[in-house]
Novice: 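Before I ask anything, let me first share the structure, which is written out below as structure tokens.
Just so we're on the same page: letters track the sequence lines, and every chain starts at 1. Side chains included, hydrogens not; waters and symmetry mates left out as well; all remaining heavy atoms used.
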Amino acid sequence: MQEKYIPAEVEAAAQIHWQKTAAARAVEDAARPKYYCLSMFPYPSGKLHMGHVRNYTIGDVLARFQRMQGFNVLQPMGWDAFGMPAENAAIANRVAPAGWTRQNIADMKKQLQALGLSLDWARELATCTPEYYRWEQWLFTRLFEKGLIYKKLGTVNWDPVDQTVLANEQVIDGRGWRSGALVEKREIPMYYMRITAYAEELLAGLETLSGWPEQVKRMQKNWIGKSVGVRLAFPYTLEGEAKKLWVFTTRADTLMGVTFVAVAAEHPLALHAARKNPELAAFIEECRQGSVAEADLATMEKKGMPTGLTVRHPLTGAEIPLWVGNYVLMGYGEGAVMAVPAHDERDFAFAQKYALPIRQVIAAEGEQFSLEHWQDWYADKTRAFCVHSGKYDGLNHAAAVDAIAADLEAQGLGEKKTQFRLRDWGISRQRYWGCPIPILHCEHCGDVPVPDDQLPVRLPEAVTLTGAGSPLARMPEFYATTCPRCGKAARRETDTMDTFVESSWYFLRYACPDNHSAMLDERVNYWLRDGVDQYIGGIEHAILHLLYARFFHKLIRDVGLPGVKLPDEPFRNLLPQGMVIAPAFYRDSGDNTKEWFNPAGLDLILDERGRTIGATLKADGQPVTVGGMEKMSKSKNNGVDPQQFIDLHGADTARLFMMFAAPPEQSLEWSDAGVEGASRFLRRVWRMVFEHVNAVAGAGHAALPDLAHVRAWLETQPARKDLRRKLHQTIAKVADDYGRRQQFNTAVAAVMELLNACDKVDRSTPGSPETLALTQEILEAVVLMLFPIVPHIAQSLYAALKPGADATRAAFPKVDESALAQDEIELMLQVAGKLRGSFKVAATADKAAIEAAALATEAAQKFLEGRPPKKVVVVPGRLVNIVP
RNA sequence: GCGCAGGUGGCGAAACAGGUAGACGCACUGGAUUUAGAUUCCAGCGCCGCAAGGCGUAAGGGUUCAAAUCCCUUCCUGCGCACCA
């Protein structure tokens, strides 16, 4: 064994060994329990970032631990390869998105391999290949025929200068990111997936996901947003014709307090009124400006204008003014809302602004209604009741809703209805680099799904991108075709699918990526028998991706594939991982923008306590401003390049630092000093093994004594007996941290503590065959306990400790229960809840004996001053609290 | 704006079921080894205080024998908001 730890050599050797032995290859084996460990696949942006390293290290730690526990582990990897960055790169660098993406995949694969992840590369897939997306198209046609995909108008961001649809991300302060033009909302036909048809099941399914964090389930529940309310109509007459304006409300009990009704700017009624009202037309035009992002809509100033039209109150028949409001969304519900200013904050602010009447219809016992103090008790459904509401006066919330709904229903003006906040999923994108939507438009037959024998609809790869619309729409060789039903000329759909569609089912395809005749086959039944065992990925995916994937999984289950049986939920356990953050440094550029500097190009100025109080740019020696901790990103230029880092310190150091610095779900602060600590620890373990191996060789014993002999010897060696207890306590703790708690930082800390204890004892007594045997037991366990996190160095050290042994095939160390037994334990002594000392009792002592021992302590005597205690609380195994 | 998290020494964090606050690591200080540096080793390290002791988990209040942990109010930070992935 070499004295010096050289990560590059150790890691290369281990990786070659794993490759030769196909250590990570996953093969179906009905006789063995499986463990499917899945990390969210990356977008091939070109370079791995630290968020990836963290994500995949967590996955690898769990995969390796579960292998040591005897499971048949599948840990696959692939590429979420369609998306906008490839198009942006294509425009900027005049390279085709396909080639750019493939090169990035090749580069990133090398980086992933350098990390020593135990991935089964034989199952690698990329979503931009026809072998993958053809099945997505195939499924699309099935869903289209079942009515689970349909067409309707949807609102998008339109850049009037670049003549293109923009993603929300491309709209900055209401303007197009390239053109700077004011963005407009525009309605275009799009295909939608009927996720609302699964709303109930998606909601109910959350209850079965015991392996998901409550936080994520709550977010999904609120996102689905089931509410029971009343759909009701305000009748009106337009050009002599009787019509109804429908709205939905969860507070029908406030119906008598309605003082106006508001519709969206795009609502037909608003457009009708605007024809004769130029001022209103101008306002509607103004409402068209800005992005469609909900956060923008919700934070903008609420504005409105009367249409001059009125609707009638459904119960009283009173005339109610109809307004246009910029906060009412056309694509949401009915595109109209009833307003009760007295009992809704947003309506209240709107009414104040435009001097609209405010009418109290809810009161509570002992509460005075005022415009400042009604929110406090309005929502308190146990106390509030109707007032100024005619026959409904005195009814509480539920009774009033029932009565009002019944009266509305009798007149055909409303009914109780369950509504979801969840909206159907618009999947059409007017972009090139995505999966083509397999639809043909025929003048005679309408929208016709592409027949199976014409699938896949291949995305042409030789294209020129201009930034204005999709090149597919300019390629007759792509879109010109004939209708499979009538044989006449037809036009192929040129929109592509939302890339969320590809990422909604890739985890199923890993089971059988080589099947060219079916989407999935019976291998799925093995790997997904009860779903993916562990899914790991960024918390930012808590709602959208995870909800879409759950939905898609159920769609595939219900379409039914021959020989395939899917569980109801795809992901049994979910571990959402926090971000990697680092300090960001900048200079103000004067024009309200900031120039960000990478820490690699800076000299940091530290105060006497080691805090960063300033920094200068190496290039010019001038100061830069120290910003806060930010997510590592291109825009803040605060990223650390994983590859450079691995070249410098090794993959194991990177993995150890990432696992030790914070628990997986928390954000992780990058720190060069912390990395130094991780590196130091690995050198220390290496040195301890080196010294031990040399000591064993130098002692020249024929063989180290066996366990029975060592146990007997320990009875005469209390310090070493304690050390062996500590070893087995540590094994129990580390196994629990890996398996149940998934807290790797405390697992590492426990091993460090064990080594600290080991060092202390060792120095106090000389070596002997028994000592060496105990140290051997400890070091073997330490190396195996660390193996999931730092597999390369552990591979080397295990072979050094046990020549010929392969750590990759080793089982996780077992706890020796007999080593855990303890004769005497220490308890804390509290007086009036304050810690005043401690005392020892026999481990078998009962409550009475513990209490007696506590009262006999000097500290207790001092505080009691001879008086009997008022109360004594005994918590066995922990403490005694004496209340004098 | 709405939804969901989080806030503990100089720093990253630990405290798992309401029961020893600060494990483990970093930084720092003192010492040893070394030609020097790096490395390594030993000791110290929440705040105030000579000490006894007191105070201390964002702020304020409450429940309890006992609160970082439970409840209420406020403040701050992060994530998501449907076309970034």
Novice: Taking atom C1' of U20(B) as reference, at what distance in whole Å does atom NZ of K840(A) sit?
Specialist: 15 Å
Novice: Select base, sugar-phosphate, or nothing to describe what R429(A) touches, counting heavy atoms under 4.0 Å on all strands.
Specialist: base
Novice: Under a 4.0 Å N-O cut-off, is there an ion pair linking R684(A) with D759(A)?
Specialist: yes
Novice: For A68(B) and C16(B), measure between their C1' atoms and round to the nearest Å.
Specialist: 14 Å
Novice: Give a yes/no on whether any side-chain N or O of N745(A) is located under 4.0 angstrom from OP1 or OP2 of G25(B).
Specialist: no
Novice: Using atom C1' of each nucleotide, how far apart are A51(B) and A14(B) to the nearest Å?
Specialist: 31 Å
Novice: Please tell me if N756(A) has a side-chain N or O lying less than 4.0 Å from either OP1 or OP2 of G25(B).
Specialist: yes
Novice: At a cut-off of 3.5 Å, list every protein nitrogen or oxygen paired with a nitrogen or oxygen from nucleotides 65-75 of chain B, distance to 0.1 Å.
Specialist:
from: C65(B); atom 1: O2'; to: N881(A); atom 2: ND2; distance (Å): 3.2
from: C65(B); atom 1: O2; to: N881(A); atom 2: ND2; distance (Å): 2.5

Novice: Looking at D737(A), L668(A), N745(A), T746(A), which hits side chain to side chain contact (heavy atoms under 4.5 Å, CB included) with P663(A)?
Specialist: N745(A)
Novice: Indicate, with yes or no, if the rings of F660(A) and F744(A) have centres closer together than 6.0 Å.
Specialist: no
Novice: Can a side chain N or O of Q666(A) be found less than 4.0 Å away from OP1 or OP2 on A14(B)?
Specialist: yes
Novice: Answer yes when E3(A) and R687(A) have at least one side-chain N-carboxylate O distance shorter than 4.0 Å, and no when they do not.
Specialist: no
Novice: If you check the L879(A) side chain, which of U20(B), C24(B), A13(B) turns out closest?
Specialist: U20(B)
Novice: Taking only Lys NZ, Arg NE, NH1 and NH2, and the carboxylate oxygens of Asp or Glu, determine whether K221(A) and E214(A) approach each other closer than 4.0 Å.
Specialist: no
Novice: Round to the nearest Å and state the distance from H52(A) atom NE2 to A85(B) atom P.
Specialist: 13 Å
Novice: I'd like the P distance from G18(B) over to U69(B), given in whole Å.
Specialist: 11 Å
Novice: Taking the six-membered ring of Y192(A), is the NZ or CZ of K152(A) close enough (under 6.0 Å from the centre) and on axis enough (within 45°)?
Specialist: yes
Novice: Taking only the side-chain nitrogens and oxygens of R683(A), find out if one of them lies under 4.0 Å from OP1 or OP2 of U39(B).
Specialist: no
Novice: Side-chain N or O of K631(A) versus OP1/OP2 of U77(B): is the shortest distance under 4.0 Å?
Specialist: no
Novice: Is there a side-chain polar atom (N or O) of R680(A) under 4.0 Å from OP1 or OP2 of A27(B)?
Specialist: yes
Novice: Which class fits the ring pair H52(A) and Y56(A): parallel under 30°, tilted 30 to 60°, perpendicular over 60°?
Specialist: parallel
Novice: What's the gap between C11(B) and A58(B) when it is taken at their P atoms, as a whole Å value?
Specialist: 13 Å
Novice: If we take the P atom in both G44(B) and G25(B), what is their distance in whole Å?
Specialist: 14 Å
Novice: Is the glycosidic torsion of G7(B) within 90° of 0, making it syn, or is it anti?
Specialist: anti
Novice: Of the nucleotides C79(B), A23(B), G12(B), which one has an atom closest to the side chain of F660(A)?
Specialist: G12(B)
Novice: May I ask you to verify if any side-chain N or O of R741(A) is less than 4.0 angstrom from the OP1 or OP2 atom of A15(B)?
Specialist: yes
Novice: When the P atoms of C26(B) and G3(B) are considered, how many whole Å apart are they?
Specialist: 43 Å
Novice: Rounded to whole angstroms, how far apart are CH2 on W212(A) and C1' on C4(B)?
Specialist: 14 Å
Novice: Does U39(B) have OP1 or OP2 under 4.0 Å away from a side-chain N or O of R687(A)?
Specialist: no
Novice: Considering every strand and a 4.0 Å limit on heavy-atom distances, what is the contact class for K870(A): base, sugar-phosphate, or nothing?
Specialist: nothing
Novice: For a quick test of reading the model: is some side-chain N or O of N168(A) closer than 4.0 Å to OP1 or OP2 of A82(B)?
Specialist: yes
Novice: In whole angstroms, how far is the P atom of C2(B) from the NZ atom of K221(A)?
Specialist: 19 Å
Novice: How many Å lie between OH on Y43(A) and P on A85(B), as a whole number?
Specialist: 8 Å
Novice: Using the C1' atoms only, state how far A13(B) lies from G80(B), rounded to an integer number of Å.
Specialist: 26 Å
Novice: So what does R836(A) hit on the nucleic acid, given a heavy-atom distance under 4.0 Å: a base, only sugar-phosphate, or nothing?
Specialist: sugar-phosphate
Novice: Determine whether more than 12 heavy atoms belonging to other residues, nucleotides or ligands lie under 6.0 Å from atom CD of E187(A).
Specialist: yes
Novice: May I have the distance from M632(A) (atom CE) to G78(B) (atom C1'), rounded to whole angstrom?
Specialist: 17 Å
Novice: Starting at CZ of F82(A) and ending at P of C84(B), how long is that distance when rounded to a whole Å?
Specialist: 18 Å
Novice: Above 12 or not: heavy atoms from other molecules or residues under 6.0 Å from NZ of K840(A)?
Specialist: no
Novice: Just to be sure I understand the rule, does F500(A) reach a base, reach only the sugar-phosphate, or reach nothing, if contact means heavy atoms closer than 4.0 Å?
Specialist: base
Novice: Would you check, one step at a time, whether the test side chain to side chain donor-acceptor pair (under 3.5 Å) holds for R836(A) with N881(A)?
Specialist: CA-CA 10 Å; R836(A) 295 296 178 189; N881(A) 188 13; over 6 Å; no
Novice: With sugar-phosphate meaning primed atoms plus P, OP1 and OP2, does V872(A) contact a base, only sugar-phosphate, or nothing at under 4.0 Å between heavy atoms?
Specialist: nothing
Novice: Base, sugar-phosphate, or nothing for M40(A), non-hydrogen atoms under 4.0 angstrom?
Specialist: nothing
Novice: Looking only at atom C1', what distance separates G54(B) and G49(B), rounded to whole Å?
Specialist: 9 Å
Novice: So does T499(A) get a side-chain nitrogen or oxygen closer than 4.0 Å to the phosphate oxygens (OP1/OP2) of A85(B)?
Specialist: yes
Novice: Without decimals, in angstroms, what is the distance between M497(A) CE and A85(B) P?
Specialist: 15 Å
Novice: Strictly below 4.0 Å: does R684(A) bring a side-chain N or O up to OP1 or OP2 of U40(B)?
Specialist: no
